[in-house]
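In what follows, a single structure is set out as C-alpha coordinates and then discussed.
Everything numeric here is computed off the predicted structure, so don't read it as measured data. Below, read A as the first sequence line, B as the second, and so on, with proteins coming before strands; counting in each chain starts at 1.
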Amino acid sequence: RKEVEQDPGPFNVPEGATVAFNCTYSNSASQSFFWYRQDCRKEPKLLMSVYSSGNEDGRFTAQLNRASQYISLLIRDSKLSDSATYLCVVNLLNSGYSTLTFGKGTMLLVSP
Amino acid sequence: EPEVTQTPSHQVTQMGQEVILRCVPISNHLYFYWYRQILGQKVEFLVSFYNNEISEKSEIFDDQFSVERPDGSNFTLKIRSTKLEDSAMYFCASSDSGRDTEAFFGQGTRLTVV
(Lines give C-alpha, C1' and ligand atoms only; values in the text may rest on other atoms or scores of the structure.)
Protein backbone atom coordinates (compact mmCIF):
# COMPACT_ATOMS: atom_id res chain seq x y z
CA ARG A 1 0.00 0.00 0.00
CA LYS A 2 1.35 3.42 -0.94
CA GLU A 3 2.31 5.51 2.07
CA VAL A 4 0.76 8.72 0.76
CA GLU A 5 -1.71 8.48 -2.06
CA GLN A 6 -3.17 11.35 -4.06
CA ASP A 7 -5.59 11.83 -6.93
CA PRO A 8 -3.61 11.05 -10.09
CA GLY A 9 -4.67 14.18 -12.01
CA PRO A 10 -4.11 16.31 -13.93
CA PHE A 11 -6.98 18.59 -13.07
CA ASN A 12 -7.87 21.04 -15.83
CA VAL A 13 -10.08 23.87 -14.59
CA PRO A 14 -11.06 27.34 -15.82
CA GLU A 15 -10.10 30.46 -13.90
CA GLY A 16 -12.44 31.08 -11.01
CA ALA A 17 -13.27 27.43 -10.47
CA THR A 18 -13.14 25.66 -7.13
CA VAL A 19 -10.95 22.57 -7.05
CA ALA A 20 -10.44 19.95 -4.36
CA PHE A 21 -7.49 17.65 -3.85
CA ASN A 22 -7.68 14.46 -1.82
CA CYS A 23 -4.97 12.53 -0.07
CA THR A 24 -4.84 9.45 2.13
CA TYR A 25 -1.95 8.18 4.21
CA SER A 26 -1.26 4.71 5.49
CA ASN A 27 0.76 5.22 8.66
CA SER A 28 -1.50 6.04 11.59
CA ALA A 29 1.55 7.17 13.59
CA SER A 30 2.01 10.15 11.27
CA GLN A 31 2.36 13.29 13.31
CA SER A 32 1.95 16.31 11.08
CA PHE A 33 0.67 17.07 7.67
CA PHE A 34 1.35 19.59 4.95
CA TRP A 35 0.48 20.66 1.47
CA TYR A 36 3.43 21.69 -0.63
CA ARG A 37 3.37 23.22 -4.07
CA GLN A 38 5.88 22.35 -6.76
CA ASP A 39 6.28 24.25 -9.99
CA CYS A 40 7.79 22.45 -12.97
CA ARG A 41 11.43 21.52 -12.29
CA LYS A 42 11.49 23.60 -9.10
CA GLU A 43 11.77 22.77 -5.44
CA PRO A 44 8.74 21.98 -3.27
CA LYS A 45 7.49 24.97 -1.31
CA LEU A 46 5.24 24.84 1.71
CA LEU A 47 1.72 25.95 0.92
CA MET A 48 0.18 25.29 4.30
CA SER A 49 0.23 23.02 7.30
CA VAL A 50 -2.87 20.96 7.97
CA TYR A 51 -4.51 20.76 11.39
CA SER A 52 -7.29 18.60 12.73
CA SER A 53 -9.42 21.67 13.32
CA GLY A 54 -9.04 22.65 9.68
CA ASN A 55 -7.30 25.78 8.58
CA GLU A 56 -7.79 28.44 5.97
CA ASP A 57 -5.38 30.81 4.27
CA GLY A 58 -7.12 33.12 1.86
CA ARG A 59 -8.48 31.02 -1.00
CA PHE A 60 -6.96 27.83 0.39
CA THR A 61 -8.60 25.53 2.96
CA ALA A 62 -7.03 22.37 4.34
CA GLN A 63 -8.72 19.65 6.34
CA LEU A 64 -7.44 16.63 8.21
CA ASN A 65 -9.43 13.61 9.33
CA ARG A 66 -7.15 11.47 11.49
CA ALA A 67 -9.72 8.71 11.94
CA SER A 68 -9.99 8.25 8.18
CA GLN A 69 -6.34 9.14 7.56
CA TYR A 70 -7.51 11.61 4.97
CA ILE A 71 -6.28 15.09 4.05
CA SER A 72 -7.86 17.56 1.67
CA LEU A 73 -7.04 20.88 0.05
CA LEU A 74 -9.66 23.18 -1.42
CA ILE A 75 -8.75 26.05 -3.70
CA ARG A 76 -11.46 28.61 -4.35
CA ASP A 77 -11.53 31.15 -7.19
CA SER A 78 -8.53 29.54 -8.87
CA LYS A 79 -6.01 31.76 -10.64
CA LEU A 80 -3.71 31.06 -13.56
CA SER A 81 -0.81 31.29 -11.11
CA ASP A 82 -2.24 28.35 -9.14
CA SER A 83 -1.13 26.03 -11.95
CA ALA A 84 1.39 23.69 -10.32
CA THR A 85 1.67 20.24 -8.79
CA TYR A 86 0.24 19.96 -5.29
CA LEU A 87 2.05 17.57 -2.99
CA CYS A 88 0.49 15.97 0.05
CA VAL A 89 3.21 15.51 2.65
CA VAL A 90 3.15 13.58 5.89
CA ASN A 91 5.69 13.93 8.67
CA LEU A 92 6.49 10.74 10.54
CA LEU A 93 8.52 11.10 13.70
CA ASN A 94 11.04 8.33 14.29
CA SER A 95 12.92 8.59 17.56
CA GLY A 96 12.15 12.29 17.60
CA TYR A 97 13.41 13.03 14.09
CA SER A 98 11.06 13.86 11.30
CA THR A 99 10.90 12.21 7.92
CA LEU A 100 8.76 13.84 5.29
CA THR A 101 6.92 11.37 3.09
CA PHE A 102 5.60 12.82 -0.14
CA GLY A 103 2.71 11.82 -2.31
CA LYS A 104 3.31 11.76 -6.03
CA GLY A 105 1.39 14.98 -6.43
CA THR A 106 -1.63 16.14 -8.36
CA MET A 107 -1.06 18.55 -11.22
CA LEU A 108 -3.43 21.49 -11.55
CA LEU A 109 -3.76 23.37 -14.82
CA VAL A 110 -5.83 26.55 -14.66
CA SER A 111 -6.82 27.93 -18.03
CA PRO A 112 -8.13 31.38 -19.01
CA GLU B 1 14.36 36.02 3.29
CA PRO B 2 16.81 33.29 4.32
CA GLU B 3 17.09 30.42 1.89
CA VAL B 4 18.80 27.11 1.31
CA THR B 5 21.30 27.31 -1.53
CA GLN B 6 22.62 24.40 -3.57
CA THR B 7 25.49 24.11 -6.01
CA PRO B 8 25.86 23.26 -8.76
CA SER B 9 22.43 23.67 -10.31
CA HIS B 10 23.23 20.99 -12.89
CA GLN B 11 25.94 18.35 -12.85
CA VAL B 12 26.72 15.90 -15.62
CA THR B 13 28.99 13.01 -14.73
CA GLN B 14 30.13 9.75 -16.22
CA MET B 15 28.95 6.48 -14.74
CA GLY B 16 31.32 5.29 -12.04
CA GLN B 17 32.55 8.76 -11.14
CA GLU B 18 32.21 10.32 -7.72
CA VAL B 19 30.10 13.44 -7.31
CA ILE B 20 29.67 15.84 -4.42
CA LEU B 21 26.54 17.93 -4.19
CA ARG B 22 26.78 20.98 -1.98
CA CYS B 23 24.24 22.77 0.15
CA VAL B 24 24.28 25.75 2.47
CA PRO B 25 21.33 25.39 4.86
CA ILE B 26 19.64 28.31 6.57
CA SER B 27 22.08 29.55 9.17
CA ASN B 28 20.14 28.99 12.40
CA HIS B 29 18.73 25.62 11.36
CA LEU B 30 19.90 22.47 13.08
CA TYR B 31 18.33 19.69 11.02
CA PHE B 32 19.42 18.94 7.49
CA TYR B 33 18.02 16.62 4.86
CA TRP B 34 18.61 15.29 1.39
CA TYR B 35 15.76 14.25 -0.85
CA ARG B 36 15.76 13.18 -4.46
CA GLN B 37 13.21 13.24 -7.24
CA ILE B 38 13.62 11.09 -10.32
CA LEU B 39 11.98 12.77 -13.32
CA GLY B 40 8.24 12.23 -13.25
CA GLN B 41 8.29 10.54 -9.87
CA LYS B 42 7.67 11.59 -6.29
CA VAL B 43 10.09 13.29 -3.94
CA GLU B 44 11.87 10.61 -1.87
CA PHE B 45 13.62 10.95 1.47
CA LEU B 46 17.29 9.98 1.51
CA VAL B 47 18.77 11.05 4.83
CA SER B 48 18.44 13.38 7.79
CA PHE B 49 21.35 14.80 9.75
CA TYR B 50 21.49 16.36 13.18
CA ASN B 51 24.26 17.11 15.63
CA ASN B 52 26.91 15.99 13.17
CA GLU B 53 25.49 12.56 12.60
CA ILE B 54 22.90 10.78 10.52
CA SER B 55 19.60 10.54 12.38
CA GLU B 56 17.56 8.67 9.78
CA LYS B 57 18.21 7.20 6.38
CA SER B 58 16.10 5.43 3.79
CA GLU B 59 16.73 2.22 1.89
CA ILE B 60 17.92 4.31 -1.04
CA PHE B 61 20.79 5.70 1.03
CA ASP B 62 23.15 2.74 0.67
CA ASP B 63 26.93 2.52 1.04
CA GLN B 64 27.43 4.53 -2.14
CA PHE B 65 26.04 7.61 -0.39
CA SER B 66 27.53 9.66 2.38
CA VAL B 67 26.86 13.04 3.96
CA GLU B 68 29.11 15.44 5.71
CA ARG B 69 29.05 18.82 7.35
CA PRO B 70 32.69 19.78 6.79
CA ASP B 71 32.40 23.23 8.35
CA GLY B 72 29.78 25.40 10.02
CA SER B 73 27.91 26.23 6.85
CA ASN B 74 28.12 23.51 4.21
CA PHE B 75 26.26 20.21 4.06
CA THR B 76 27.33 17.81 1.33
CA LEU B 77 26.02 14.65 -0.30
CA LYS B 78 28.62 12.39 -1.89
CA ILE B 79 27.83 9.59 -4.31
CA ARG B 80 30.92 7.42 -4.59
CA SER B 81 30.39 5.57 -7.86
CA THR B 82 27.46 6.96 -9.78
CA LYS B 83 25.03 4.76 -11.65
CA LEU B 84 22.67 5.71 -14.46
CA GLU B 85 19.75 5.34 -12.05
CA ASP B 86 21.21 8.02 -9.78
CA SER B 87 20.12 10.59 -12.36
CA ALA B 88 17.61 12.76 -10.54
CA MET B 89 17.01 16.14 -8.96
CA TYR B 90 18.58 16.23 -5.50
CA PHE B 91 17.06 18.61 -2.98
CA CYS B 92 18.67 19.73 0.22
CA ALA B 93 16.39 20.94 3.00
CA SER B 94 16.78 22.31 6.49
CA SER B 95 14.56 23.00 9.47
CA ASP B 96 14.98 24.54 12.88
CA SER B 97 13.29 21.64 14.62
CA GLY B 98 13.07 17.92 14.00
CA ARG B 99 9.41 17.91 14.86
CA ASP B 100 6.47 19.60 13.28
CA THR B 101 8.04 22.60 11.68
CA GLU B 102 8.39 23.41 8.02
CA ALA B 103 11.38 22.16 6.07
CA PHE B 104 12.80 24.70 3.61
CA PHE B 105 14.06 23.29 0.35
CA GLY B 106 16.91 24.44 -1.85
CA GLN B 107 16.39 24.88 -5.56
CA GLY B 108 17.94 21.50 -6.27
CA THR B 109 20.85 20.03 -8.21
CA ARG B 110 19.96 18.16 -11.36
CA LEU B 111 22.36 15.22 -11.61
CA THR B 112 22.69 13.53 -14.98
CA VAL B 113 24.75 10.34 -15.13
CA VAL B 114 25.81 9.35 -18.64
Between Gln37(B) and Gln38(A), does a side-chain hydrogen bond (donor to acceptor under 3.5 Å, both in side chains) hold up when you go through it step by step? CA-CA 12 Å; Gln37(B) 187 175 30; Gln38(A) 186 175 29; 2.8 Å; yes
Spell out, yes or no, whether Tyr33(B) and Tyr90(B) are grouped together once hydrophobic residues are joined by side-chain heavy atoms under 4.5 Å, including indirect joins. no
Heavy-atom count around Tyr70(A) OH within 6.0 Å, excluding the residue itself: above 12? yes
I'd like to know whether CG of Asp62(B) has more than 12 heavy-atom contacts from other residues, nucleotides or ligands below 6.0 angstrom. yes
Bottom line for Phe91(B): the part with an atom under 4.5 Å from chain A's heavy atoms is side chain
Separation between CD (Glu44(B)) and OG1 (Thr101(A)), nearest 0.5 Å, reads 10.5 Å
Using the side chain to side chain contact (heavy atoms under 4.5 Å, CB included) rule, take Tyr35(B) and Leu100(A) through it: C-alpha gap first, then chi angles, then the decisive distance, then the call. CA-CA 9 Å; Tyr35(B) 289 81; Leu100(A) 295 181; 3.1 Å; yes
Is the distance between the ring centroids of Phe45(B) and Phe102(A) under 6.0 Å? no
Is it true that Val4(A) and Val50(A) fall in one hydrophobic cluster, defined by side-chain heavy atoms closer than 4.5 Å? yes
Test side chain to side chain contact (heavy atoms under 4.5 Å, CB included) on Arg110(B) and Arg41(A) and set out the steps. CA-CA 9 Å; Arg110(B) 179 165 298 284; Arg41(A) 295 179 179 263; 3.3 Å; yes
Other residues, nucleotides and ligands only: do more than 12 of their heavy atoms fall within 6.0 Å of CD on Gln14(B)? no
Please identify which of these residues, Gln6(B), Gln107(B), Glu3(B), Met89(B), meets the side chain to side chain contact (heavy atoms under 4.5 Å, CB included) condition with Glu43(A). Gln107(B)
Is it the case that over 12 heavy atoms from other parts of the model lie below 6.0 angstrom from the NZ atom of Lys45(A)? no
